Structures are given as structure tokens and as C-alpha cells.
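Given the structure is predicted, the values throughout are model-derived calculations rather than measurements. In what follows, every heavy atom counts, from backbone to side chain, and hydrogens, waters and symmetry copies are set aside. Every chain is numbered from 1, with letters handed out A, B, ... down the list of sequences.
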There are 2 protein chains.
Amino acid sequence: MKLSTKGRYGLKAMYDLAINYGEGPITLKNIAERQRISDHYLEQLIATLRKAGLVKSVRGAHGGYMLASSPDKITVGEIIRTLEGPLGPSECVLEGDPSFCDNAECCVTRVVWEKIRISISEVIDSISLQDMVNDYHKLKDKDHYMYYI
Amino acid sequence: MKLSTKGRYGLKAMYDLAINYGEGPITLKNIAERQRISDHYLEQLIATLRKAGLVKSVRGAHGGYMLASSPDKITVGEIIRTLEGPLGPSECVLEGDPSFCDNAECCVTRVVWEKIRISISEVIDSISLQDMVNDYHKLKDKDHYMYYI
DNA sequence: AATAATCCCAATCAATCTACTAGGGATTAA
DNA sequence: TTAATCCCTAGTAGATTGATTGGGATTATT
């Protein structure tokens, strides 16, 4: 019941871009260093986010990446779904196209999975990158000496 | 972000035992057939549940399994944790002993994982096997012709 | 025009995990 | 004694994870 590193690293990267929103393109290398992620691996994740329209890229020297829209317009849910696919603790309750199950109409166990899926969705859809940036500034103001990425 | 079949089959099996609570020992073969699970595989899951004290066994001919306590005393959370281990979308927020992270005190991403973990816990700890049995009876009363396991 | 910095892309791979299967031993009711 | 059951250990094919490798394309700067 864990997220893979796709979702985890991906959110870290998007959060990093949110912290640096408005500063022009941020290089992959910088993000990877700050977030301590293999840069080649992160490249693949960012490619997915770019194709999904969450991130824009600038090629060539002085290029890099930036959020495609402002941090308050991007939710944690969009990011995680883009990288991990439709959410749900079981195939039969996956968002969008739950795979068919003979018993779906009357499966009591399924009711449980559905409740779990909904509660996860509620959490991740209610948190925007801006919320995370706000948390960052709160933490930063409390302990000046620490590095909060 | 899916549960493995351990948690999914395990809950199905426990639900089956809850439906048949008070009827004496239920054989593994019966459970496996009703729930359409490989019996040898289910055996391993039930062994785990038995060692955790959620299920009692009766050996020999006419033996089988039964819940160790009444369905209202057993939650979905106990069952899933027993089979899947401590819950959490990321190592750093696992229940019980979150693995150490240099950044834990000030990691904004971690705050998100913590919220997900808590919301999942709230759902699974609030549902007992008795709740599932009640759902079963409600469904059964509505559509008499279907087989609700 | 040359160069260095960057993004872009496809293929490969070791390690781990998942969902079993195989094969046999121990216990007990009939 | 026998058949029905639980109990236990080991193996395993296939999928997935989390990368690594090795290049190509684009662009700012010199």
C-alpha cells in the first residue's frame, strides 16, 4: 500500500518547482540535487509530467523546467495520478475505469475498497502545491537555520 | 497504491468467516471456493491471521477455521495491517516505526503522506467485520436471487 | 561558427516482489 | 484404519521497480 518512487519523487520535484515558481526555468540537475534523486530517473518522471501538461520545458543552454500554471492551480492529486495512474486499493474500484468484476454489484468487500479510495482522493485533491509552499514558509519562519526543501 | 492480494484475499476470507460466525469450523476449501482464491495461497494468509490471533483453527477431520472473537470486535484495519504490515504511502510515515529520514522534521512532502496515512487509517479502523455482515444482510434483503459472498 | 549547457528519447537491466505451486507432515472424527 | 483436514517449508515464473546507459536535438554564449 505504498506509493512508488514515481509519485513520491514526482511530488518532490513539483514542489521544488512550486517553491521556485516565477524564477524562470529550473534545471533538472538542480532539482535532482536538492531533492536527492537520480537525475536520469527524474528526467523520465518529468517527461511524464510535461506530456500531461503540468510542466513546461525550455530547451538549450539556460533551459530547464517550470510549472505550466500557478501552484494554486495544481493539486497533489493531479500529480500523483499522472505518475501512478488511476488510484484505488483494488482493481475493481480504480478511478475512471474499474476493471470488471462479476460480483461488483453485491460485493461487500468492494464497499470497503471504495471507501478507502474516496478518502485518499479527498485528501490529495484538497492539497495544492500552493498549500505546500505555504507550509514551507511557515516552517522556514520557525527555524531559520534549516534548509527546507 | 494498490493493496496486494494478501490484504484483499485476507479480508474476503475474514468476511466469509464472519458471515459464518457461530456455525463451527469452516474449511479452508469452502472459503477458497466461495471467494475464488487458490486454496494453497489462502492457507498461507490464514496462517498469518492465525498467528496474529485473529483466527482459531480446529485440526483433523471436520476441522476448519473460525474467528477468534466476534465480528464486532475485529476491524478491517487489524486484518489489513496483519497481512500487509504497517500502513503508509511512504517509508517515512509508516505506522509504528517510520524509517528515519534526515529531513523528517521539516519535509513538506512528508506532511502530505502523513495526511494520506491518517485518512486511510480512519477508514479501515472504523469498519468492523460486523459492519460488513450488516451490509451483506441489507444487500441480501434487496435482491433475493443473488449470491452475496 | 564553435562550444557548452541543457532538454529529449529509447533501450537495457539487476533486484525485488507477487501470487502462486509443489510436496509433504501432523492431527483427528468416523 | 482411513479420509479429511490443518500445518509447514521451499521453489518459481512473471511483473514491477528504480534505475543506468548512451546517445541525439536545441539553444545561449563566446
Please tell me if [X] has a side-chain N or O lying less than 4.0 Å from either OP1 or OP2 of [N].
X       : N      : result
A:Arg8  : D:dT17 : no
A:Arg59 : D:dA28 : no
A:Tyr41 : D:dT17 : no
B:Thr27 : D:dA4  : no
A:His62 : D:dT27 : no

Separation of atom [atom1] in [X] from atom [atom2] in [N], rounded to whole Å:
X       : N      : atom1 : atom2 : value
A:Leu3  : D:dG18 : CG    : P     : 10 Å
B:Lys51 : D:dT9  : NZ    : C1'   : 10 Å
A:Leu45 : D:dT16 : CG    : P     : 17 Å
A:Asp39 : D:dT21 : CG    : P     : 12 Å
A:Glu43 : D:dT20 : CD    : P     : 12 Å
B:Ile26 : D:dA4  : CD1   : P     : 18 Å
A:His40 : D:dA19 : NE2   : P     : 13 Å
A:Gln44 : D:dT17 : CD    : C1'   : 11 Å

Could you say whether B:Gly60 or A:Ser4 is positioned toward the 5' end of DNA chain D, judged by the nucleotide with the nearest heavy atom to each?
B:Gly60
Testing the 3.5 Å rule here: is there a donor-acceptor pair between the side chains of A:Glu122 and B:Ser119?
no
State whether a side-chain donor-acceptor pair under 3.5 Å links B:Ser121 with B:Glu95.
yes
Considering only heavy atoms of chain A and a distance under 4.0 Å, specify the first and last nucleotide of DNA chain C in 5' to 3' order that meet this criterion.
C:dA5 to C:dC9
Using 4.0 Å as the upper bound for N to carboxylate O, is an ion pair formed by A:Arg81 and A:Asp125?
yes
Is B:Asp16 paired with B:Arg34 through a side-chain N to carboxylate O contact shorter than 4.0 Å?
yes
State yes or no: do A:Ile19 and A:Leu139 share one hydrophobic cluster built from I, L, V, M, F, W and Y residues joined by side-chain heavy-atom distances below 4.5 Å, directly or via other members?
yes
The single option from B:Asn134, B:Leu67, B:Leu17, B:Leu54 passing side-chain contact (heavy atoms from CB on, under 4.5 Å) against B:Leu129
B:Leu67
For B:Leu28, report the nucleic acid contact type (base, sugar-phosphate, nothing); a contact means any heavy atom under 4.0 Å.
sugar-phosphate
Evaluate the side-chain proximity of A:Glu43 to A:Ile46: yes if any heavy-atom separation is below 4.5 Å, no if none is.
no
Of A:Ala61 and A:Ile46, whose nearest nucleotide on DNA chain C comes first from the 5' end?
A:Ala61
